[in-house]
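Note that this is a predicted model, so its numbers are computed, not measured. Read the numbers this way: they start at 1 and go in the same order the structure lists the ligands and their atoms. In what follows, every heavy atom counts, from backbone to side chain, and hydrogens, waters and symmetry copies are set aside.
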Amino acid sequence: MGYTYEEYKVTADWLLANTEHRPLIAIICGSGLGGLAEILKDQKVFSYSDIPNFPQSTVHGHAGRLVFGTLKGKSCVCMQGRFHLYEGYPIWKRQTKSAGKSANKLLTLSRSVEFSAEHLVTFPIRIFRLLGVETAIVTNAAGGLNENYKVGDIMLIKDHLNMPGFAGNNPLVGPNDERFGLRFPCMSDAYDRDLRKLAKTVARDLGYSDFLKEGVYCVLGGPSFETIAECNMLKRLGADAVGMSTVHEVIVARHCGMRVFGLSLITNKAVMDYNSESKANHEEVLQTGRERASQLEEMISRLVEGIEPNNNNVC
Ligand SMILES: O=P(O)(O)O[C@H]1O[C@H](CO)[C@@H](O)[C@H]1O
């Protein structure tokens, strides 16, 4: 079961009433990459817990704040903390009782509805669309499967493998609301080619070409990291990097006509060899994010500077 259009609008209208920012670009920060939000100027910050209907962040490295501001003179909104399938909302019930928080008082809808994890994970994307956002910049931390990748590489996402989707866990499952998009949206052009081209130019100008890669991101449900056999399988299937996020957001963003640019920071090398002593761990993921923070900030600033208004290129 998903939210209704009117329920998304409650949240969007609340935000529009509480900030003067009118963002055209949304930035979603991956694990340990929340510092990207700090580069916005003239900030207006909301804690997720104060926004009607907004889910809460539960993962270390995801602060749970929505930051509005300007970057290179462009109005942006930044999610400092995203939601993942594994966070334990297989089913989520709306709270109809106000806990006294001003925002919750707006929740006058009384039906008790169950929402699937996919709808919660992607809830902010449709809010952004209703705010007027045209372009989504989606970042994540990922494990490198491609043997040419090193820790600290930045991979432009050119395509994805949606493993949960193969089992029917697609965020667009359920009744389709044509006000957002088509029943059967095309995904062969999900990651905007012009924005990837721009990112390559930006990276070259910044001297980042040595650690810039382009590849395929594979999403799994998590939260356990992959086994050695799984990593080898994913590599054979054509994945260059593996993670537990992003793809759901991208599908919903494309469905509602946003342009998408995605990048993965390769925070660790996936373990592919039974003789290896390496073990994937979240601390290493966060640490690599800290080490690459300034380059990512610089790259995203320049990218935002170069983004032209969208032409709503959905198929
Ligand atoms: O995808 P993001 O949110 O960057 O986080 C990645 O890092 C966490 C694992 O360390 C997982 O949540 C994985 O998806």
(message) Does any N or O of ligand 1 fall below 3.5 Å from an N or O anywhere on Ser31, backbone included?
(response) yes
(message) What I want to know is whether Phe225 and ligand 1 share at least one N or O pair that is separated by under 3.5 angstrom.
(response) no
(request) Please confirm whether Ala141 comes within less than 3.5 Å of ligand 1 when only nitrogen or oxygen atoms on both sides are compared. (result) yes
(message) Tell me if the aromatic rings of Trp14 and Phe54 count as close, with their centers under 6.0 Å from one another.
(response) no
(request) Identify the protein heavy atom lying closest to atom 14 (O) of ligand 1, giving its residue, its atom name and the separation to 0.1 Å. (result) Met244 N, 3.0 Å
(message) Can you confirm whether or not the ring centre of His248 sits under 6.0 Å from the ring centre of Phe83?
(response) no
(message) Starting from atom 9 (C) of ligand 1, what is the nearest protein heavy atom, named by residue and atom, and what distance separates them?
(response) His282 ND1, 3.5 Å
(request) Mind checking whether Val285 contacts ligand 1 via backbone (N, CA, C, O), side chain (CB onward), both or neither, at a 4.0 Å heavy-atom cut-off? (result) side chain
(message) So if I count the atoms of ligand 1 from 1 in the order they appear, which ones are less than 4.0 Å from some heavy atom of Tyr86?
(response) 11 (C), 12 (O)
(request) Find all atoms of ligand 1 within a distance of less than 4.0 Å from any non-hydrogen atom belonging to Asn140, and give their numbers and elements. (result) 1 (O), 4 (O)
(message) When you measure from the side chain of Thr4 to the backbone of Glu7, do you find a donor-acceptor pair of N or O atoms at a distance under 3.5 Å?
(response) yes
(request) Give a yes/no verdict on a cation-pi contact between Arg22 and Phe68, requiring under 6.0 Å between NZ or CZ and the six-membered ring centre and an angle within 45° of the axis. (result) no
(request) Assign the ring pair Phe123 / Tyr8 to parallel, tilted or perpendicular, where the plane angle (0 to 90°) is split at 30° and 60°. (result) parallel
(message) As an exercise, identify every atom of ligand 1 less than 4.0 angstrom from a heavy atom of Gly30.
(response) 4 (O)
(request) Please confirm whether His84 comes within less than 3.5 Å of ligand 1 when only nitrogen or oxygen atoms on both sides are compared. (result) yes
(message) For His282 and His60, take the angle between the two ring planes, folded into 0 to 90°, and tell me which bin it lands in: parallel under 30, tilted 30 to 60, perpendicular over 60.
(response) perpendicular
(message) Using a plain distance cutoff, I'd like to know if Ser245 has any nitrogen or oxygen under 3.5 Å from a nitrogen or oxygen of ligand 1.
(response) yes
(message) Does ligand 1 come near enough to Arg82 that some N or O of the ligand is less than 3.5 Å from an N or O of the residue?
(response) yes
(message) Taking the six-membered ring for Trp, are Tyr191 and Phe261 closer than 6.0 Å centroid to centroid?
(response) no
(message) Could you check whether Arg126 makes a cation-pi contact with Phe180, meaning its NZ or CZ is under 6.0 Å from the centre of the six-membered ring and within 45° of the ring axis?
(response) yes
